[in-house]
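Contents: one structure, followed by commentary.
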Amino acid sequence: MNRAFGLPIAVVVFFLIDLYVWQAVKLLIRSSSVLTQRVVGYGYWGLTIVSIIAFIAALTYAPAAPPIKASFRTFLMAGVFIIYISKIFSVLVLFIDDIIRFFRWIASFFQSAPAPSQTPVTDTLQPVSTGISRSEFLAKTAVGLGGLHIGAMTWGILSGAHDYHLRRVTLKLKNLPKQFDGMTIAQLSDIHSGSFFNKTAVKGGVEMLMKEKPDVFFFTGDLVNNIAPEVKDYIEIFSKIKAPLGTFSTLGNHDYGDYTDWGSLEKKRQNLADLIGAHKTMGWDLLLDSHREVKVDGEKIGILGIQNWGAGGFSKHGDMEKAVANTQEYPVKLLLSHDPSHWRAQVLPKYKDIDVAFAGHTHGMQYGVELGSFKWSPVQLRYKEWAGLYEEGDQKLYVNRGFGYIGYPGRLGIYPEITIFELKSV
């Protein structure tokens with residue numbers, strides 16, 4: 001949608017949400033003093049004005065500006081996002097009351113007027129109800145739920161953004177040579193270095209990975225948000241990632257600079273060249289529709305990497321035919337492919353000899369619930385495979401939940417992930 005057209009629509013939608021929630025706030029403060037009502041009113045609508053101004057400023061800001069400003073933009077957008085997502089929760093609760101009112105209004109047309117009471121008037125006092133009305137109860141619930149969600153999302157920034165979770169996964173492969181039985185692979189995905197605001201925490205995450213002493217390391221794309229300079233301050237940290245049998249990487253959709261206005265194709269190409277150079281500087285072997293072999297005691301397996309290929313409107317830079325060329329000799333093939341939709345769209349129907357694909361991209365939306373084997377996130381409405389291990393026949397896909405974050409600078413329920421795989425022969 002054209003920004004000049006879409007921005008006013010978004011502002012109007014925000015205002016209508018605020019107006020709807022304000023009805024509940026007014027109901028809750030109607031018994032308060034006039035001064036209290038004025039303070040709450042000015043505070044509520046003042047926050048609305050500030051939020052809308054922040055939203056407009058963030059959208060009209062150029063992403064190619066210096067990183068410190070990019071970080072400021074991220075927090076501006078996060079603040080607006082947290083406030084309005086939380087208000088939408090309030091709106092959903094308030095809507096229940098409006099639905100009830102609507103149906104009661106419809107039902108009133110089908111009811112006869114009550115006959116005049118024949119009961120004589122007496123001086124008997126009737127008991128007075130001390131409860132609260134349904135409308136007041138729902139208003140309190142709506143405002144409380146919205147406030148609770150704001151608190152949770154804020155906690156997700158302060159605590160969840162760098163709460164790295166180490167996940168251990170066993171991959172049983174029927175054609176795995178015995179020399180590779182027990183080999184370990186570490187995977188990171190979606191670093192998004194342009195979003196980081198805590199360098200010490202990032203360093204701690206890398207140290208956590210290296211304590212596992214993996215034999216092989218995989219990075220499955222999205223080193224930056226938009227521009228190559230975002231990773232500059234973190235090259236030294238990620239250069240610490242080493243593995244004796246190889247450190248392999250590939251590109252994600254954000255790495256190509258497709259979401260930034262470059263002004264010229266030459267500048268965009270130079271940005272990609274600089275990003276590729278960053279992989280080289282860190283000692284990561286970037287696989288661009290190509291493959292490498294890992295050799296142990298005379299036996300080999302193939303490591304393939306494809307450039308970003310995503311279904312549903314995402315960029316399709318990758319070429320699987322190039323990646324699989326001359327790989328027939330390998331009994332096991334492991335594929336690095338950023339977008340998990342590629343597995344179902346191309347790998348499953350056309351490349352039956354790909355044993356495991358490693359992906360990322362979804363971040364688990366950085367928002368959801370994981371309790372034991374139960375997991376839920378809104379992102380599953382878009383992706384069938386969005387977090388964890390998936391299997392069809394003898395083929396497997398693992399979707400990493402991501403190391404970094406973008407947009408919302410935090411994690412709530414779906415935490416940043418470092419994955420350690422162990423290969424086992426069956």
Side-chain angles (χ1 to χ4, degrees), residues 171 173 175-177 180 183 185-190 215-223 243 245-256 258 269 272-273 275-280 282-296 299-312 314-362 383 385 389-400 419 421 423:
L171 297 175
L173 306 176
N175 295 320
L176 186 71
F180 292 89
M183 187 181 85
I185 301 171
Q187 182 195 9
L188 293 185
S189 192
D190 299 88
D215 298 308
V216 178
F217 170 71
F218 289 164
F219 173 66
T220 46
D222 278 1
L223 183 60
L245 296 180
T247 55
F248 304 100
S249 61
T250 192
L251 299 178
N253 57 300
H254 281 267
D255 294 323
Y256 298 90
D258 290 341
R269 287 174 175 168
L272 181 58
L275 186 72
I276 291 172
H279 282 253
K280 185 176 181 179
M282 293 187 296
W284 295 4
D285 187 358
L286 183 61
L287 304 180
L288 302 175
D289 304 329
S290 57
H291 73 273
R292 304 287 187 270
E293 68 177 33
V294 174
K295 189 174 182 179
V296 176
E299 291 290 343
K300 306 172 183 178
I301 63 173
I303 311 297
L304 291 68
I306 182 174
Q307 297 188 69
N308 190 74
W309 195 104
F314 283 99
S315 58
K316 295 176 174 59
H317 296 279
D319 187 333
M320 270 296 285
E321 285 301 310
K322 289 183 179 180
V324 301
N326 303 314
T327 61
Q328 299 88 344
E329 65 177 301
Y330 303 120
V332 165
K333 299 182 184 69
L334 308 179
L335 172 68
L336 281 65
S337 178
H338 176 71
D339 193 316
S341 65
H342 177 238
W343 186 64
R344 189 162 295 281
Q346 279 198 338
V347 176
L348 286 180
K350 298 180 182 179
Y351 302 95
K352 297 295 185 182
D353 56 347
I354 299 296
D355 296 276
V356 188
F358 300 83
H361 182 62
T362 72
Y383 290 93
E385 293 85 22
L389 184 64
Y390 301 87
E391 300 183 66
E392 284 207 10
D394 293 327
Q395 295 182 276
K396 297 176 175 62
L397 166 70
Y398 190 85
V399 185
N400 183 285
T419 320
F421 302 94
L423 304 188

Here the gap from Ser290 atom OG to Asp285 atom CG, rounded to the nearest 0.5 Å, amounts to 7.5 Å
In terms of the angle between their ring planes, are His361 and Tyr383 parallel, tilted or perpendicular, with boundaries placed at 30° and 60°?
-> perpendicular
Would you call Leu335 and Leu304 a side-chain contact if the rule is heavy atoms closer than 4.5 Å?
-> yes
Of the non-hydrogen atoms in Ile301 and Pro177, which two are nearest, and what is the gap between them?
-> CG2-CD, 4.1 Å
Would you mind reporting whether Leu334 and Val216 have side-chain heavy atoms less than 4.5 Å apart?
-> no
If you round to the nearest 0.5 Å, how far is CD of Glu293 from CD of Glu329?
-> 6.0 Å
Heavy-atom pair with the smallest gap, counting every atom of Val399 and Pro340 = CG2-CB, 3.7 Å
Heavy atoms, side chains only, cut-off 4.5 Å: are Val347 and Ser337 in contact?
-> no
Counting only heavy atoms not in Asp394, do more than 12 fall under 6.0 Å of its CG?
-> no
Output yes when a side-chain donor or acceptor of Lys352 lies under 3.5 Å from a complementary backbone atom of Leu348, and no otherwise.
-> yes
Compare all side-chain heavy atoms of Met282 with those of Leu223 and state whether any distance is below 4.5 angstrom.
-> yes
Work out which heavy atom in Gly360 is nearest to a heavy atom in Ser189; give both atom names and the distance.
-> CA-OG, 3.4 Å
Correct closest heavy-atom pair for Pro349 and Ala345 would be CG-O, 3.4 Å
Any chance you could measure Leu251, atom CG, to Leu336, atom CG, to the nearest 0.5 Å?
-> 11.0 Å
So, the side chain of Thr250 versus the backbone of Ile306: is there a donor-acceptor pair under 3.5 Å, distance only?
-> yes
Any side-chain heavy-atom pair from Lys280 and Leu286 closer than 4.5 angstrom?
-> no
Any donor-acceptor pair under 3.5 Å from His338 side chain to Thr220 backbone = yes
Separation between CG of Leu188 and CZ of Phe219, rounded to the nearest 0.5 Å | 7.5 Å
If we only count heavy atoms from C-beta on, is the Asp255 to Asn308 side-chain gap below 4.5 Å?
-> no
Which pair of heavy atoms, one from Ser315 and one from Asp258, lies closest together, and at what distance?
-> CB-OD2, 3.9 Å
What is the distance from atom CZ of Phe248 to atom CZ of Arg292, rounded to the nearest 0.5 Å?
-> 7.5 Å
Listed partners of Glu299 passing salt bridge (charged side-chain N to carboxylate O under 4.0 Å, His left out), at least two apart | none
Trace of the side chain to side chain contact (heavy atoms under 4.5 Å, CB included) decision for Tyr398 with Thr419 = CA-CA 10 Å; Tyr398 190 85; Thr419 320; 3.7 Å; yes
What's the spacing between Gln187 CD and Asn400 CG if we round to 0.5 Å?
-> 4.5 Å
Which of Arg269, Gln307, His317 passes side-chain hydrogen bond (donor to acceptor under 3.5 Å, both in side chains) with Tyr256? Answer is Gln307
Indicate yes or no: at least one non-hydrogen side-chain atom of Asn253 is less than 4.5 angstrom from one of Asp339.
-> no
Where Glu391 and Trp343 come nearest, the two heavy atoms and their spacing = C-CH2, 4.3 Å
Non-hydrogen side-chain atoms of Asp355 and Leu176 separated by less than 4.5 Å = no
Got a list of side-chain donor-acceptor pairs under 3.5 Å for residues 320-328, not counting sequence neighbours?
unit_1, atom_1, unit_2, atom_2, d
Glu321, OE2, Tyr351, OH, 2.5
Thr327, OG1, Val324, O, 2.6

Backbone N/O of Met183 and side chain of Asp215: donor-acceptor pair under 3.5 Å = no
Ring centroid separation for Phe218 and Phe421, is it under 6.0 angstrom?
-> no
